[in-house]
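Read through the structure below, which is laid out as structure tokens, and then see the notes.
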2 protein chains.
Amino acid sequence: MKHDVSPDTIPPRGHEAKRASIMDAAGEVFCRESFAGANIDMIAAEAGVSRQTIYNHHGDKEKLFVAIVRDLTERCNAGIFATISTFPDQPKNLEADLIAFAVRMNRNCICNRDGKFLRKLIQTEGERYPELFAEWREQGPGRTWPAIAARFARLAHAGFLDIEDPDVAARQFLALANAELQTTFMLGGTPTNDEVLQSATHGVRTFLRAFGKGQPAADAQKHSALAGG
Amino acid sequence: MKHDVSPDTIPPRGHEAKRASIMDAAGEVFCRESFAGANIDMIAAEAGVSRQTIYNHHGDKEKLFVAIVRDLTERCNAGIFATISTFPDQPKNLEADLIAFAVRMNRNCICNRDGKFLRKLIQTEGERYPELFAEWREQGPGRTWPAIAARFARLAHAGFLDIEDPDVAARQFLALANAELQTTFMLGGTPTNDEVLQSATHGVRTFLRAFGKGQPAADAQKHSALAGG
DNA sequence: AGAAATTTAGACACTCTTGTCTAATTCGTC
DNA sequence: GACGAATTAGACAAGAGTGTCTAAATTTCT
């Protein structure tokens, strides 16, 4: 625990713990109560800190809110890119691998705490903070969707899929994987593992009926072996 | 989209006109500001009515909110069922007819004022009024989805489609038709006609790649002609 | 026109929330 | 143990919003 602590710049450890606790609690409360419905006392109580500490850390309610959204966007993006990196570029069993990928995407990025909170905050307050959520749009969907599309393009190029427009296919893949979870999402619920698996399975099957090829494996794997570097 | 809610300058005349104006304005404001963020004065001003009149009509803020949600649910359901009744049971051009149906669904039920407001209110306040939104769930998706599924089942039975589980297919149809509108919906925007058409076209094409049959038309239309009353 | 009902503006008490301030206390470090 | 920074509880003023009340004005019905 001994880094060279210059007392002005680097705050002590308890400080950071409290900061994190505030972020956690604020996300929870803003998400549950909406910005207007949330109050600082509630957040303070849930974070286990005094109200004044929140003002010390973040200045005011609005700055706190902005910090939360930025934080969530960042963490969600990290999760999405981490998950994208597990995309099955050289699938052994295309259906099974895509289903597993879809499940990972859902569990790690969409159904988890951060994903749920960010989604709710965007839906609830998006219109009130245009520039903040424009930023999310650029950093989030604007970057992740093309990344997924690129993976599908590669899979198509390797002969596993028959796709004309990878961007469209990527969006449809996600839409299909979530098709059966929409109502639950709407009401703020968290689908069970079973529901996620079901939806992903049905979604991927339909996706492959639309974009799959008969027997791509043998030929295609040569291609992808060359292409992948 | 003719809601003649002229603001403060021209107050609506008559008891019923005022009631309607209040409902309109309250939907607008609750949707824009969330329940906690909305205030009665704002609604009164937007409705062109005095604050007291709102209290006379609805008792308190919460009762007003509940009335709004009930009203929106009812109107949306009516719209959805009306649109479902235009489902192409005996399509001339399956792709074109399904695209047109998807566009109607979007424009009349999902992108229109009521659809947008109801969606937003459910997302924003769903967790706070479990019984109210459980009611929506039963009356809304609980009734409309099976109705759409039944139409797809009929279409499959008539030989136009190759569907195992009509319920799954129906949900996937809707998910595909909206696949490219998700981000816009998230931020509370209204997609342009062009975007709706694009998304529907791509969605239906993929849907038909998955569930379509080669050349069902000739044979199938006999079937459906016999089956149809 | 007259009576009944509705609507209106404004004032009002009450509650809740924000953000500040202060003085006491705790925490981490030396 | 001592020092300084961070945290705490509590009080506080200022502002906003709810829901009630009243008396006057307006509309609607007869």
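Numbered from 1 within each chain, the chains take letters A, B, ... in sequence-line order.
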Geometric class of the [Y]/[X] ring pair [parallel <30°, tilted 30-60°, perpendicular >60°]:
X: B:Phe30; Y: B:Phe35; result: parallel
X: A:Phe152; Y: A:Phe207; result: tilted
X: B:Phe65; Y: B:Tyr129; result: tilted

Euclidean distance, atom [atom1] of residue [X] to atom [atom2] of [N] [Å, nearest integer]:
X: B:Ile40; N: D:dT20; atom1: CD1; atom2: P; result: 11 Å
X: A:Arg19; N: C:dC27; atom1: CZ; atom2: P; result: 20 Å
X: A:Glu16; N: D:dA5; atom1: CD; atom2: C1'; result: 15 Å
X: B:Asn56; N: D:dG19; atom1: CG; atom2: C1'; result: 12 Å
X: A:Arg51; N: C:dT22; atom1: CZ; atom2: P; result: 16 Å
X: A:Ile43; N: C:dG19; atom1: CD1; atom2: C1'; result: 14 Å
X: A:Asp41; N: D:dA11; atom1: CG; atom2: P; result: 13 Å
X: B:Met42; N: D:dA16; atom1: CE; atom2: C1'; result: 11 Å

As an exercise, state the distance from CD1 of A:Ile43 to NZ of A:Lys61, rounded to the nearest 0.5 Å.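 Between atom CD1 of A:Ile43 and atom NZ of A:Lys61 there are 7.5 Å.
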Between CG on residue B:Leu132 and OG1 on residue B:Thr73, distance to nearest 0.5 Å: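 If we round to the nearest 0.5 Å, B:Leu132:CG and B:Thr73:OG1 are 7.0 Å apart.
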Check whether any side-chain N or O of A:Lys18 sits under 4.0 Å from OP1 or OP2 of C:dC27, and answer yes or no.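 A:Lys18 to C:dC27 OP1/OP2: no side-chain N or O under 4.0 Å.
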Any A:Thr53 side-chain N or O less than 4.0 Å from OP1/OP2 of D:dA6: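 A:Thr53 to D:dA6 OP1/OP2: no side-chain N or O under 4.0 Å.
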Mind checking if [X] touches a base, just sugar-phosphate, or nothing, with heavy atoms under 4.0 Å?
X: A:Ala38; answer: sugar-phosphate
X: A:Gly48; answer: sugar-phosphate
X: B:His57; answer: sugar-phosphate

Among [options], find the nucleotide with the atom closest to the side chain of [X].
X: A:Gln52; options: C:dT7, D:dG10, D:dT7; result: D:dG10
X: A:Tyr55; options: C:dG19, D:dT7, D:dT18; result: C:dG19
X: B:Ser50; options: C:dT8, D:dT7, C:dG19; result: C:dT8

For A:Gly59 and for A:Gly37, find the nucleotide of DNA chain C with the closest heavy atom, then tell me which residue's nucleotide is more 5'.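 Nearest nucleotide further toward 5': that of A:Gly37.
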